[in-house]
Amino acid sequence: MSQVLRKVLRADTCAGCGLCQSITGGAVEVELNERGYYRPSLDDNISLEQDTLIRAVCPAITVQHGKSDIPLDPIWGPVLQMQTGYAQDAKIRFKGSSGGVLSALQIHLLESGKVEAVINIGASDEAPLLNQVYLCKTVEDIASNAGSRYAPSAPLRDIHHLIKGLTRVAFVGKPCDVSALRRLSEYDSALKSKQFYFLSFLCAGVPSQNATNALVQEMGYQPDQVAKFRYRGEGWPGFAKVEAVDGSSAKMSYNDSWGKILNRQLQTRCKICPDGTGEFADISCGDAWHGNDKGFPDFKELAGRSAIIVRSRKGQELLRDAVDEGDVVLEPSEFSLDDLSKMQPYQVNRRKMVIPRSLAFLLFRRQRVRSTFRSDFAVFKTVSVLRGLREFLGTMNRLVFGRM
């Protein structure tokens, strides 16, 4: 029986990526539980070798940078280039959640022959409120999956089977998914020979599947009445929209759907996440919000715009080629990490609180996510002692009374 998974489940630090299922050839099954999160089963038929590999790559245990010559910002991770931009294709820009750059990059990778296929997440064909993993080999496949999916996904459950026979693959996932797959590719001989492009997005956390059901009900429908559902897109930030089987529909603003319902049921692992910005990707993208007169992100409807963080030389070459081929448009104005911090204050605050929150987990549940300590400490030094203490005590309180 996997002692690693047992410890992860007891501490409730599982990210739900599904990688342990693929590593064990299905001996571990990762499924949605009653709380609405993907979690692994505990199985007796796990070898010591498999358990050791899970320990090495599981994002519930380690999300850590090795040595690199690329500058490592304490909050934002490796940064080679910062831009704002959008997809040249107006339809992709409109349908995407934040300017469509991630979709445009996937399309460029396919059309240029850089990859044979793209692995990403979209709505399930059979159950529109659930997520499904797709192996995309056409532009139409990618376009149909454009837009955010604020619900659990386990894109690594069957990763070995998905990429079997392929040599050049793009993977699009949550930061924890990308971290896990990149680490696995360093250990697994079957993956070392693959040529990966890793793309990610700025992630504020994974809401429970139950939160999606609650959102649909708040919009006036039961889950079994839904024919189509989107969380965002078709504008920026766009609306959550239900299309029912009877032809009726309803929509809700991003501020209400995410701000008042979905983010109230984030999985525990996301509260102590040391990487919500895709630090292990070649390129990560997020919303390049415009600020209001008080300096906070403004959610009024505008033409979509992406914040583009290039994290590797491979990513730098990819972005350059995508711009040269006319798939991505870059805005000419300067864009700095300070600008990004103003656009994404949640990411900054969560990154600063990694140490006090992780310390509470370590003391109470004897489990934490190992991360790059020099970055953790560098950002924590900017926090006052009083604020750090409050965060530590608040996390302990939530752990004791089961409110994480």
Side-chain angles (χ1 to χ4, degrees), residues 12 14-18 30-39 94-98 100 102-103 120-134 141 143-155 157 172-174 177 201-271 276 286-287 297 299-301 304 346 403-404:
D12 196 22
C14 180
C17 70
V30 177
E31 302 290 347
L32 280 173
N33 65 12
E34 71 282 353
R35 293 170 57 207
Y37 305 115
Y38 278 105
R39 294 292 181 264
F94 180 69
K95 189 174 182 181
S97 292
S98 54
L102 271 183
S103 296
N120 63 22
I121 296 293
S124 168
D125 288 331
E126 298 178 355
L129 297 183
L130 297 178
N131 283 332
Q132 181 175 322
V133 183
Y134 287 89
D141 291 340
S144 66
N145 290 339
S148 297
R149 296 292 303 174
Y150 296 127
S153 62
R157 281 194 298 180
V172 187
K174 303 183 296 296
D177 302 328
F201 43 84
L202 274 59
C203 176
V206 179
S208 164
Q209 190 66 48
N210 299 336
T212 291
N213 294 340
L215 174 58
V216 167
Q217 290 168 341
E218 184 67 22
M219 296 169 75
Y221 295 93
Q222 294 302 315
D224 60 4
Q225 295 176 297
V226 178
K228 291 183 180 180
F229 182 77
R230 71 164 187 264
Y231 293 87
R232 281 182 63 189
E234 297 190 1
W236 185 54
F239 292 82
K241 184 177 180 181
V242 170
E243 295 181 39
V245 293
D246 64 4
S248 62
S249 64
K251 66 180 184 179
M252 183 184 293
S253 73
Y254 170 71
N255 196 42
D256 287 339
S257 61
W258 172 261
K260 297 180 181 179
I261 299 176
L262 294 171
N263 77 353
R264 303 299 175 89
Q265 293 190 48
L266 301 183
Q267 66 180 353
T268 302
R269 162 67 170 72
C270 303
K271 308 293 182 61
D287 291 291
F299 297 144
K300 67 182 179 183
E301 289 292 312
Y346 174 85
R403 295 199 300 265
M404 282 300 296

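If you read the sequence from its start, that first residue is 1, and numbering goes on from there.
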Nearest non-hydrogen partners of G205 and P207, listed with the distance:
O-CD, 3.3 Å
Between T212 and A151, is there a donor-acceptor pair closer than 3.5 Å when you use the side chain of the first and the backbone of the second?
no
Could you tell me which residues satisfy salt bridge (Lys or Arg N to Asp or Glu O under 4.0 Å) with R157, sequence neighbours excluded, listed by chain and number?
E31
If every non-hydrogen atom of N131 is compared with every non-hydrogen atom of P152, which pair is closest and at what distance?
ND2-O, 3.1 Å
Between P223 and N213, what is the shortest heavy-atom contact and its length?
CG-OD1, 3.8 Å
E218: salt bridge (Lys or Arg N to Asp or Glu O under 4.0 Å) partners, not counting sequence neighbours:
none
State, yes or no, whether a side-chain contact exists between K271 and L266 at a heavy-atom distance under 4.5 Å.
yes
Taking only residues two or more places apart in sequence, or in another chain, which ones meet K174 in a salt bridge (Lys or Arg N to Asp or Glu O under 4.0 Å)?
D177
Under the side-chain contact (heavy atoms from CB on, under 4.5 Å) criterion, do Q209 and L129 qualify, and how do the steps go?
CA-CA 8 Å; Q209 190 66 48; L129 297 183; 4.0 Å; yes
Can you name the salt bridge (Lys or Arg N to Asp or Glu O under 4.0 Å) partners of D12, sequence neighbours left out?
R35, R39
Contacts of E301 that satisfy side chain to side chain donor-acceptor pair (under 3.5 Å) - sequence neighbours left out
none
How would you list, by chain and number, every residue that makes a side chain to side chain donor-acceptor pair (under 3.5 Å) with N145, sequence neighbours excluded?
N120
Validation row: Y134, D125 side chains within 4.5 angstrom (heavy atoms):
yes
Between Y254 and W258, what is the ring plane arrangement, given parallel below 30°, perpendicular above 60°, and tilted in between?
parallel
If I compare all heavy atoms of I261 with all of A211, which pair ends up nearest, and what's the gap?
CG2-O, 3.8 Å
Using side chain to side chain donor-acceptor pair (under 3.5 Å) as the criterion, list what pairs up with R232, not counting sequence neighbours.
Y150, D287
Between S148 and R230, is any pair of side-chain heavy atoms under 4.5 Å apart?
no
With sequence neighbours excluded, residues passing side chain to side chain contact (heavy atoms under 4.5 Å, CB included) with D224
Q222
Might you point out which heavy atoms bring G36 and N210 nearest each other, and give the distance in Å?
N-ND2, 3.7 Å
Mind checking side chain to side chain contact (heavy atoms under 4.5 Å, CB included) for S253 and listing every partner two or more places apart, or none if nothing turns up?
F239, N255, D256
Are Y231 and L262 side-chain neighbours, meaning at least one heavy-atom pair lies under 4.5 Å?
yes
Mind checking side chain to side chain contact (heavy atoms under 4.5 Å, CB included) for P128 and listing every partner two or more places apart, or none if nothing turns up?
V226
Check: L102 and F201 side chains under 4.5 Å, non-hydrogen atoms:
yes
Do you know which two heavy atoms are closest between L215 and A240, and how far apart they sit?
CD2-CB, 4.4 Å
Show, in sequence, the C-alpha distance, side-chain angles and deciding distance for K241 and E243, and conclude whether the side-chain contact (heavy atoms from CB on, under 4.5 Å) test is met.
CA-CA 7 Å; K241 184 177 180 181; E243 295 181 39; 4.0 Å; yes
Residues forming a ring-ring contact (aromatic ring centres under 6.0 Å, His included) with Y37, sequence neighbours excluded
none
Quick one: list whatever passes side chain to side chain contact (heavy atoms under 4.5 Å, CB included) with A143, sequence neighbours left out.
I92
